[in-house]
J.: 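Just dropping this structure here.
Note that the coordinates shown come from a computational prediction; the quantities given were computed from them, not determined experimentally. Quick note on labels: first sequence line is chain A, next is B, and so on, each numbered from 1. Atoms considered below: every heavy atom in the structure, side chains included; atoms not considered: hydrogens, waters and symmetry mates.
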Amino acid sequence: MATVKIELPDGSVREVEAGSTPYDVALGIGEGLARQAIAARFDDQLLDMSTPLENSGKLALITQNAPEALAILRHSCAHLMAQAVKELYGADVQVTIGPSIDNGFYYDFFSDKKTFVPEDFADIEKKMAELVKADLPITREEMTSAEAIELFRSMGENYKVELIEDLGETNVSLYRQGDFVDLCRGPHIPRTGILKAFKLTSVAGAYWRGDEKNAMLQRLYATAFADKKQFRAHLARLEEAKKRDHRKLGRELDLFSFSEEAGAGLVIWHPKGALLRTIIEDFERKEHLKRGYDIVMGPQILKTELWKTSGHYENYRENMYFTEIDEQGYGIKPMNCLAHMLIYKTKLRSYRDLPQRYFELGMVHRHEKSGVLHGLLRVRGFTQDDAHIICRPDQIDAEVKGVMQFVQDVAGIFGFEYCMELSTRPEKSIGSDADWARATSALKSALDDVGQPYEVNEGDGAFYGPKIDVKLKDALDREWQCATIQCDFTLPERFDLTYVGADGEKHRPVMLHRVIVGSIERFIGVLIEHYAGNFPLWLSPVQAVVVNVTDNQAEYVRKVESRLREAGIRVQSDLRNEKLGFKIREAQMSKIPYMLVVGDREMEEEKLAPRFRDGKSLDPMTVDEFIRFVADEVERFH
RNA sequence: GCUCACAUAGCUCAGAUGGUAGAGCACAUCCUUGGUAAGGAUGAGGUCAUCGGUUCAAAUCCGAUUGUGAGCUCCA
């Protein structure tokens with residue numbers, strides 16, 4: 001009998017009969033391990049515990065707690081859910097695909113008879129639990145594509161037939177558990193009994209193969225974990241995210257609202273929200289001036305012809321709002337670049353004048369599809385911290401690096417981690433192949449030079465050029481697209497921008513579109529969730545509230561309030577006829593950083609007693625001391 | 001835009017099977033002057049998102065519209 005040599009992760013080598021399975025190997029090491037292991041990695045391939053090992057190689061057993069175990073477990077759980085659905089609803093539904101995703105898994109079903117509703121979840125979960133209890137073995141089998149097509153066709157599973165036909169393989173693998181069989185690459189756990197913690201979470205529509213021209217499927221979302229403890233931790237995370245939801249906090253903190261009467265996706269900023277915006281916008285202006293940008297402003301509407309010149313009319317029309325007055329068409333700007341082009345063109349530019357960096361906090365309107373709107377994170381009118389850098393080709397590299405540094409500085413100030421992505425030419429685009437290649441390599445080399453790791457998204461660029469996207473990671477480790485740097489050779493061409501070079505000839509400049517936080521609206525939404533509404537002192541719209549204990553101190557409180565306000569502190573006083581505890585509670589719930597308590601004791605000493613929103617308090621201090629204290633803290637955090 | 005669900009007082013939510021609405025918080029008035037997360041009493045607040053239909057009768061059933069949510073597709 002032939003033997004093969006199996007090397008284990010600890011370096012030890014076991015010699016086993018050819019055709020032994022990972023399960024056999026695991027059993028040879030220990031029964032506990034054999035029970036714990038759900039799949040195996042052989043060289044670089046993932047295998048089932050029951051796959052025969054015909055060659056020598058490195059074998060690692062994947063136990064339930066291994067990093068790659070969760071995806072396998074969830075994928076198997078998706079099969080379990082599909083099995084339950086088929087047993088419950090039979091021929092009324094067809095199965096399609098069911099992968100594992102970040103926080104769980106889903107399975108897409110087609111049915112024109114059955115519509116899934118959340119009330120079905122309990123039935124499906126119950127059936128899944130039964131199948132777990134039955135502890136069905138999950139087995140793999142291989143057959144030719146023709147046989148598999150025959151099999152699925154006989155079962156009426158047309159989507160599976162289509163999948164196999166498109167795969168174009170000679171052989172495919174199938175997994176079987178009880179009466180349920182599914183086309184699948186694997187690997188899978190050995191038995192259904194291993195699945196312990198799962199829960200259906202939601203139902204939603206999804207297009208077959210993600211294409212809106214295809215049939216709408218019904219997607220059942222669910223989640224699964226190796227054990228109940230991890231499952232509870234996941235639910236706690238969801239709970240935390242829900243508490244931080246900027247739509248909820250936005251209302252509670254009285255920052256902004258939306259109005260059905262005004263229109264969907266149009267933000268209405270309340271005093272505190274508008275103040276917060278103003279603080280961020282002032283910060284932006286200061287930071288841009290510091291880095292050699294010029295502040296400019298363009299009009300809200302520009303003639304339709306100009307949008308034709310820029311290519312927006314061709315490529316972006318369906319997202320634009322148009323209006324017509326005196327038989328002249330205008331487009332409401334969805335981007336800020338046009339006016340910046342016009343500024344550049346107002347005079348002859350020398351190579352010595354470049355780069356020109358035009359910065360605008362520009363309000364743009366885009367008709368986003370109604371279904372994508374989401375609080376502040378996706379709106380129809382928003383303000384970009386937009387700039388267009390018009391430079392010589394030899395300056396691209398330094399400018400891109402400058403922008404990347406800017407992004408990193410700002411991310412640091414707000415306490416975000418970040419990652420970057422490079423997006424290349426999409427199908428619908430303008431410009432020559434050569435320009436695209438140059439622009440793409442310019443961005444790439446800037447990324448490479450600073451040693452910034454990045455992912456590449458093929459075909460994800462803007463219609464006029466490739467881009468670097470920056471994703472911020474918030475306190476809950478969620479990613480948000482904010483900054484983007486886009487390289488554009490096309491617009492200078494279309495607008496015939498030129499500069500006079502050292503040689504006295506006219507040359508074509510290059511343009512970089514870039515935003516740092518992206519949209520002020522979205523960024524504030526992200527900030528609210530990142531800080532859970534507890535803005536750092538320098539951002540808090542209300543930094544302190546002066547609270548009296550009894551009416552006796554009312555006049556002194558008013559005096560303190562005006563002194564603090566004169567010192568530039570954003571302060572309120574709360575003189576309402578309520579008990580101290582009540583006022584403290586309200587101030588704390590509105591997440592005001594400092595509550596300044598004033599009773600007879602403080603009044604006599606001309607002091608105030610600060611208390612932080614986390615409940616900690618400081619020793620009483622004078623008004624001047626508090627003013628210095630606040631100035632220090634603001635200084636330290638930005 | 002597509003699929004499914006939802007829309008009752010400023011907010012959070014009750015209101016089987018059709019018979020013109022209720023709670024808590026918030027708000028107002030009064031009492032209370034109370035030292036670090038809710039003092040008490042009284043009161044005012046709703047064309048049940050909008051429009052249409054079915055019915056003797058609609059918050060409740062049906063349709064359309066608007067808005068919202070979860071996704072899909074798209075995106076700052």
J.: Between B:rA9 and B:rA26, how many Å separate the two C1' atoms, rounded to a whole number?
T.: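 After rounding to an integer number of Å, I get 11 Å for this pair.
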J.: Under the side-chain contact (heavy atoms from CB on, under 4.5 Å) test, which residues partner A:Ala241, sequence neighbours left out?
T.: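 Residues passing side-chain contact (heavy atoms from CB on, under 4.5 Å) with A:Ala241: A:Leu476, A:Arg478.
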J.: Please tell me which of the listed nucleotides, B:rG34, B:rU73, B:rA37, lies nearest to the side chain of A:Lys369?
T.: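 Selected nucleotide: B:rU73.
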J.: Is it the case that B:rA37 (base atoms only) and A:Gln588 (side chain only) share a donor and an acceptor within less than 3.5 Å, ignoring hydrogens and angles?
T.: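 Looking at the base of B:rA37, it does pair with a donor or acceptor on the side chain of A:Gln588 (distance under 3.5 Å).
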J.: Write down the distance between CD (A:Gln486) and C1' (B:rC75), rounded to a whole number of angstrom.
T.: 11 Å
J.: Among the candidates B:rU33, B:rA76, B:rG35, find the nucleotide nearest to the side-chain atoms of A:Gln384.
T.: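 Shortest atom-to-atom distance from the side chain points to B:rA76.
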J.: Run the ring-centre check on A:Phe110 versus A:Trp208 and record whether the distance is less than 6.0 Å.
T.: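 Ring-ring flag for A:Phe110/A:Trp208: false, centres at least 6.0 Å apart.
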J.: With respect to the side chain of A:Thr484, which nucleotide from B:rG35, B:rA38, B:rA76 is positioned closest?
T.: B:rA76
J.: For each nucleotide in nucleotides 60-69 of chain B, reading 5' to 3', give B when a protein heavy atom comes within less than 4.0 Å of its base, S when such contact involves only the sugar-phosphate, and - otherwise.
T.: ------BSSS
J.: Heavy atoms from C-beta onward define the side chain here; which of B:rC75, B:rG35, B:rU33 lies closest to that of A:Arg601?
T.: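 Nearest to the side-chain atoms of A:Arg601, counting from C-beta on, is B:rG35.
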J.: Please report, rounded to the nearest Å, how far the C1' atom of B:rC27 is from the CZ atom of A:Arg576.
T.: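 So the two atoms are 11 Å apart, to the nearest Å.
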J.: Where the side chain of A:Arg522 is concerned, which of B:rA70, B:rA76, B:rG35 is the nearest nucleotide?
T.: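 Given the options B:rA70, B:rA76, B:rG35, the side chain of A:Arg522 is closest to B:rA76.
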J.: If we take the P atom in both B:rG39 and B:rA44, what is their distance in whole Å?
T.: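 Approximately 24 Å lies between the P atom of B:rG39 and that of B:rA44.
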J.: Hey, does the side chain of A:Tyr221 come within less than 4.0 Å of B:rC72's phosphate (OP1/OP2), counting only N and O?
T.: yes
J.: Nearest whole Å is fine: how far is B:rA76 P from A:His365 NE2?
T.: 17 Å
J.: Mind checking if A:Gly599 touches a base, just sugar-phosphate, or nothing, with heavy atoms under 4.0 Å?
T.: base
J.: Looking only at atom P, what distance separates B:rC11 and B:rG69, rounded to whole Å?
T.: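 Roughly 14 Å separates the two P atoms.
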J.: Does A:Arg611 make a side-chain N or O approach to OP1 or OP2 of B:rA37 shorter than 4.0 Å?
T.: yes
J.: From C-beta outward on A:Glu602, which listed nucleotide comes closest to its side chain: B:rU3, B:rG35, B:rC75?
T.: B:rG35
J.: Would you mind telling me which of B:rG71, B:rG1, B:rG35 lies closest to the side-chain atoms of A:Arg219?
T.: B:rG71
J.: Given the structure, check if the side chain of A:Tyr207 and the base of B:rG1 hold any donor-acceptor pair shorter than 3.5 Å.
T.: yes
J.: Does the base of B:rA76 carry an N or O that pairs as donor and acceptor with the side chain of A:Glu368 under 3.5 Å?
T.: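 Present.
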J.: Report yes or no: is the cationic atom of A:Arg317 (NZ for Lys, CZ for Arg) under 6.0 Å from the centre of the six-membered ring of A:Tyr313, at an angle within 45° of the ring normal?
T.: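 Relative to the ring axis of A:Tyr313, which defines the angle, A:Arg317 lies inside both limits.
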J.: Mind telling me whether B:rG67 is syn or anti, cutoff 90° either side of 0?
T.: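 Anti conformation for B:rG67.
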J.: Consider the side chain of A:Arg366, meaning its heavy atoms from C-beta on, and name the nucleotide among B:rA38, B:rG34, B:rC75 that approaches it most closely.
T.: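 Closest nucleotide among those given: B:rC75.
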J.: For A:Phe256, does the six-membered ring have the charged nitrogen or CZ of A:Arg251 within the cation-pi criterion, i.e. under 6.0 angstrom from the centroid and within 45° of the normal?
T.: no
J.: Does OP1 or OP2 of B:rU12 have a side-chain N or O of A:Arg251 closer than 4.0 Å?
T.: yes
J.: For B:rG18, which nucleotide is its Watson-Crick or G-U wobble mate, given both distances must be under 3.5 Å?
T.: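 Result: none.
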J.: Taking only the C1' atom of each, what is the distance from B:rC56 to B:rC13 in whole angstrom?
T.: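 Straight-line distance between the two C1' atoms is 33 Å.
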J.: Determine the contact category for A:Val379: base if any of its heavy atoms lies under 4.0 Å from a base atom, sugar-phosphate if only primed atoms, P, OP1 or OP2 are that close, otherwise nothing.
T.: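 It contacts base atoms.
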J.: Parallel, tilted or perpendicular: which one describes the rings of A:His246 and A:His374, with boundaries at 30° and 60°?
T.: tilted
J.: Using a cut-off of strictly less than 4.0 Å, decide whether A:Lys583 has a side-chain nitrogen or oxygen near OP1 or OP2 of B:rG35.
T.: no
J.: Rounded to whole Å, how long is the line connecting atom CG of A:Leu377 with atom C1' of B:rC74?
T.: 15 Å
J.: If we ignore angles and hydrogens, is there a donor and acceptor under 3.5 Å between the side chains of A:Thr484 and A:Gln486?
T.: yes
J.: Exactly one of A:Asp166, A:Asn214, A:Thr96 should register a side-chain hydrogen bond (donor to acceptor under 3.5 Å, both in side chains) with A:Arg209. Which one does?
T.: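 Answer after filtering A:Asp166, A:Asn214, A:Thr96: A:Asp166.
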J.: Is the number of heavy atoms from other residues, nucleotides or ligands under 6.0 Å of A:Glu417 CD greater than 12?
T.: no
J.: Tell me the partner of B:rC30, counting only Watson-Crick (N1-N3 plus N6-O4 or O6-N4) or G-U wobble (N1-O2 and O6-N3) with both under 3.5 Å; none if nothing fits.
T.: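 Across all strands, the one nucleotide that pairs with B:rC30 is B:rG40.
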J.: Rounded to whole angstroms, how far apart are CG on A:Asp211 and P on B:rC72?
T.: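 To the nearest whole Å, that distance equals 15 Å.
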J.: Rounded to whole angstroms, how far apart are CD1 on A:Ile97 and P on B:rC72?
T.: 12 Å
J.: Expressed in angstrom and rounded to an integer, what is the separation of A:Met589 atom CE from B:rU36 atom P?
T.: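 So the CE-P distance, A:Met589 to B:rU36, works out to 17 Å.
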J.: Is it true that the NZ or CZ of A:Arg219 lies under 6.0 Å from the centre of A:Tyr106's six-membered ring and within 45 degrees of the ring axis?
T.: yes
J.: So, does the side chain of A:Glu318 form a donor-acceptor pair with the base of B:rG1 at under 3.5 Å?
T.: no
J.: Taking the side chain of A:Val372 as heavy atoms from C-beta outward, which of B:rG1, B:rA70, B:rG35 is closest to it?
T.: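 The nucleotide sitting nearest to the side chain is B:rG1.
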J.: May I ask which nucleotide in the shown strands pairs with B:rA49, Watson-Crick or G-U wobble, both distances under 3.5 Å?
T.: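 Its partner is B:rU65 (Watson-Crick or G-U wobble, both distances under 3.5 Å).
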J.: How far apart are the C-alpha atoms of A:Tyr89 and A:Phe116, what are their side-chain angles, what is the distance that settles it, and do they pass the ring-ring contact (aromatic ring centres under 6.0 Å, His included) test?
T.: CA-CA 10 Å; A:Tyr89 308 103; A:Phe116 291 104; 5.5 Å; yes
J.: Take the protein atom NZ of A:Lys213 and the nucleotide atom P of B:rU3, then report the distance between them rounded to whole Å.
T.: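 Atom NZ in A:Lys213 sits about 16 Å away from atom P in B:rU3.
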J.: Can you tell which of B:rG1, B:rA70, B:rG35 lies closest to the side chain of A:Ser202?
T.: B:rA70
